[in-house]
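Excluded from the calculations below are hydrogen atoms, water molecules and symmetry mates; all remaining heavy atoms, backbone and side chain alike, are included.
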Amino acid sequence: MNNINIISEFKEKASLVSAVIHEADTIEDSFRIAISLCKKNFIIASPQLDNSNLPLLEKLCIENGITLLKENLRKYTNGIDMGITFADFGIAETGTIVVSSDSEDKRLSTMISEIHVALLYKSNIRATALDMADELSALTSRPSSYTAFITGPSRTADIERVLAIGVHGPIALHVIIIAA
Amino acid sequence: MEKLETIKDYKNRIDNALENQFLRSAMDKFAIAYRESRKNAFAGIDTDTLIAEVAEIKRNAIKNNDKLFEEFKSVAQKNGVHVHLAATANEANEIISKIAKDTGSQKIIKSKSMTAEEIHLNKWLENEGLKVTETDLGEWIVQLRHEGPSHMVMPAIHLSRFQVAELFSGVTGKEQDAEIERLVKVARKELREKFVEADMGITGANFVIADTGTIGLVTNEGNARLVTTLPKVHVVLAGIDKLLPTIKDALTIAKVLPRNATGQKLTSYVTWITGPSEYLGDNSVNYPSQSSMSALSPESTFNKREMHIVLLDNGRRKIASDPDFSQILQCVRCGACANVCPVYRMVGGHTLGYIYIGAIGLITTYFFHGAKNAKNLVQNCTNCGACKAVCAAGIDLPRLIKEVHTKIQDEHGHPLKSLMLGKVLRDRKMFHTLLRIASVAQKPFITTQNISDKDSSPKRVSAEEPLYLRHLPLIFFKEHNFRTLPAITKVPFRDRWKSVKANTKQLKETNKKSLKIGIFSGCVQDFVYPEQLEAGLKVIQRLSSNFNTDNYNEHNNKQLNITLEFPMDQSCCGLPALMMGEKDAAADVAVQNVNAFSEYELDYIVTLCASCASHLKHAVPKLVNNTVAKDFADKVIPFSQFVNQVLSYEKQHIKKFDNNNLPLKYNKITWHSPCHLCRGLGIKDDPKQLIKATGNTFVQAKEEETCCGFGGSFSANFPAISREILNRKLDDVENTGADLLVTECPGCVMQLRGGALNQNRKFKVVHLAELLSVKS
């Protein structure tokens with residue numbers, strides 16, 4: 001499968017499991033898209049952002065009246081409105097994102113937020129999980145690592161087999177594919 | 001002590017389940033929807049190859065289990081995990097409650113684990129005074145109801161939204177609407193508090209990966225992620241059968257597991273955890289615990305949770321060493337064997353399982369929970385093979401169910417009924433004498449009249465020929481009256497053989513290829529439906545003697561000399577003995593049959609009974625492990641395949657010939673595929689091609705490959721379930737608008753014709769041979 005097909009398959013498969021796909025040229029663009037999904041007074045969390053990216057997001061939050069949390073998410077288990085994290089990989093065959101979430105705060109931001117926004121570099125999208133078994137093996141062989149495959153928002157069909165979105169995890173998953 | 005359930009108690013539970021209208025409709029909807037979503041999920045994937053790959057991965061992992069355990073243990077310990085090996089269920093329970101005590105944990109949250117169900121962990125921990133909360137929605141619901149899961153991946157599938165609403169109203173002390181979205185939100189809110197206050201989280205593991213010391217968790221709701229993130233202690237409980245060499249193996253299994261379980265390509269979450277992850281919560285309570293923490297340096301435990309992995313043996317190592325049963329450890333717990341089981345569909349998981357549900361449950365209950373909990377359950381199988389056909393790990397489930405049945409009877413005594421059956425079947429002459437006596441003894445109960453104009457029983461050799469049991473002799477009960485059972489014939493096929501043989505033209509033209517065909521009749525066609533055999537032989541004769549086209553390639557010959565043989569020493573195929581847990585008798589009978597046919601130097605052994613054919617082909621070489629038996633089995637061929645492929649007729653022959661001679665013309669004909677034909681022998685198209693070749697209109701019934709509910713002794717043991725499966729089948733047939741239902745197994749004919757007559761259905765039921773044969 002060529003690269004264009006992999007990307008379009010990723011988008012198609014992710015949409016099939018109710019993930020919402022966006023595309024951005026740069027990280028800054030992707031932050032803008034994320035912020036555009038917010039309402040005023042939203043509390044959002046984005047732990048583990050590095051010093052080159054953090055100021056961009058902080059600036060956008062201030063401009064839009066949004067509270068940005070970077071740590072101590074354990075205090076917010078009642079729920080936060082949005083979590084923004086990077087994803088390490090995408091898997092086209094199932095529309096899955098792979099989020100290396102060793103840090104507790106990063107992990108929680110993907111679990112307790114109502115909306116999870118994942119930023120994914122186009123170049124990190126692979127065709128199948130088996131194709132990237134070596135990369136996954138490297139990722140998961142690190143002690144104290146916590147690696148999540150996330151395919152769409154949290155779901156259940158435990159009552160009468162009727163699909164319901166958002167049981168214990170996010171009610172919505174947005175994946176922003178970054179070109180650069 | 002728990003009271004042992006008798007077979008009567010068990011049947012009462014079955015009756016209750018059958019009367020539960022919500023359960024029935026939920027199960028039915030699921031059975032149909034599952035098939036469709038599974039098909040979609042596997043679209044574009046070579047499923048058979050993938051399943052074979054999974055089977056191979058698991059088989060090797062089981063073989064190397066001890067090595068994988070050592071490897072995992074050493075890597076995981078280096079990563080800071082406490083690794084425990086529990087020999088028994090109680091040992092595992094003790095280990096886990098000790099961890100709770102040592103870490104000062106009071107409140108425990110769990111994500112779904114069948115292994116925890118297996119060892120009754122919740123009960124144990126609650127008896128220790130600990131507070132345990134299940135966090136998977138379905139699992140929480142059944143926990144609140146104080147019952148077990150009724151499906152391995154959909155624990156609360158037996159409950160309606162109204163029942164859940166009532167339950168949640170009680171839990172929240174507030175009236176809750178029976179609206180699913182809302183009920184899910186109630187669970188989200190209620191359980192979030194439990195996550196936050198928990199001291200310890202318990203999960204299972206779908207994969208335990210040796211080379212990296214990683215566990216893999218496959219979930220949808222996201223609860224397992226919170227269970228492994230918020231509390232300071234994480235305990236993993238997993239069977240040692242979950243060990244795998246690498247993540248690549250796990251990824252291959254993950255490709256099948258959700259697709260087979262729920263028809264999802266992948267679940268919302270697959271989580272890979274390698275050792276204790278970062279924990280930033282309150283460290284004040286007994287942290288780190290005193291439980292053998294000394295090997296770890298303080299730095300390595302700083303800001304880390306305490307992680308334990310309890311690997312459970314509980315009989316698995318013994319199973320692994322059994323050459324035959326070791327394959328049950330290949331199970332990946334997808335639950336698909338329940339999803340497709342016709343019995344599960346009627347009664348649900350609480351009635352078709354102890355802890356583990358479905359076909360695999362019928363087997364593992366014996367190993368994990370003892371013969372006392374398995375002995376009734378293991379009989380509740382129609383032997384339809386749907387489970388084997390869908391199994392993610394290629395386990396030969398139906399055969400192993402019968403093996404367990406035999407094992408239980410060998411260990412705990414054979415019931416008189418099955419002992420006698422075994423004894424009688426072993427002695428062909430006695431068996432046949434008894435059948436002949438029965439044909440006389442049934443006299444007060446029989447009728448010689450056709451029941452209605454829909455009755456497709458042919459007029460038999462004389463006006464006194466018994467057709468049906470008018471009412472059932474007292475040895476049967478009222479519950480068997482759902483179908484009109486045929487009477488035993490006055491003149492069995494074996495007594496007709498001489499004149500049948502004399503009437504067949506034995507052409508001996510030298511320019512023709514000769515084929516020597518043995519007929520295996522099976523008991524039902526020999527003693528109940530001899531006319532089906534007579535019809536079949538006519539078809540074979542006619543097609544071979546009229547065969548003179550240029551298109552016959554297989555034998556490079558234009559015409560065929562067919563010589564027919566009917567070895568008189570043949571007996572019952574032995575399947576009924578196996579179904580009753582009488583394996584030794586089945587083996588004896590298999591030897592008799594192999595010997596009966598061995599002297600004839602046959603090219604093919606044709607049988608018109610799909611169950612006999614499948615049993616002779618697959619079970620006999622296992623029961624009689626020698627080359628003669630293998631040779632015998634290789635020659636066995638079902639009627640439709642023989643006619644369609646070996647006789648390799650020209651389509652117009654059947655049509656041309658039959659247009660003048662077809663006994664009856666039908667508006668529409670439909671087909672019921674006997675389980676042992678479509679799944680047992682892989683024959684799906686031959687019969688339908690033959691039906692179409694008659695020039696009649698063929699219509700496909702919904703679920704044409706689903707069991708009719710006969711299952712030999714199954715329908716005698718569980719008539720109520722058999723009746724309900726049959727009704728569903730008859731509805732599907734009637735909905736096609738067909739006026740003729742064709743099948744290729746006398747057992748199916750007995751069940752389907754009996755039901756159709758009893759209920760005045762609008763169609764007749766015949767064996768394929770009867771359709772193809774010339775009107776006499």
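With a 4.5 angstrom heavy-atom cutoff, B:Gln264 touches chain A only via side-chain atoms. The contact between A:Thr110 and chain B is made by backbone and side chain atoms together, counting heavy-atom distances below 4.5 Å. At a 4.5 Å heavy-atom cutoff, B:Thr246 makes no contact with chain A through either its backbone or its side chain. Both the backbone and the side chain of A:Ile112 come within less than 4.5 Å of a heavy atom in chain B. Both the backbone and the side chain of A:Arg155 come within contact range of chain B, each with at least one heavy atom under 4.5 Å from a heavy atom of that chain. Both the backbone and the side chain of A:Ser103 come within contact range of chain B, with heavy atoms under 4.5 Å apart. In this structure, chain B has heavy atoms under 4.5 Å from both the backbone and the side chain of A:Ser145.
For residues 164-177 of chain A, heavy-atom neighbours of chain B at less than 4.5 Å comprise A:Ala164, A:Ile165, A:Gly166, A:Val167, A:His168, A:Gly169, A:Pro170, A:Ile171, sorted by residue number.
Atoms CD1 and CG, on A:Ile159 and B:Leu159 in that order, are 9.5 Å from each other to the nearest 0.5 Å. With rounding to the nearest 0.5 Å, the separation of CD in A:Glu160 from NE2 in B:His158 is 12.0 Å.
Among A:Ala157, A:Gly152, A:Ala133, the residue with the largest count of heavy-atom pairs under 4.5 Å with chain B is A:Ala133.
Contact detail for B:Lys265 and A:Glu93: the closest heavy-atom pair is CD-O, 4.4 Å. Listed here is the closest heavy atom pair of A:Arg107 and B:Thr228: NH1-O, 4.2 Å.
For B:Glu221 and A:Ser154, the side-chain atoms include no donor-acceptor pair closer than 3.5 Å.
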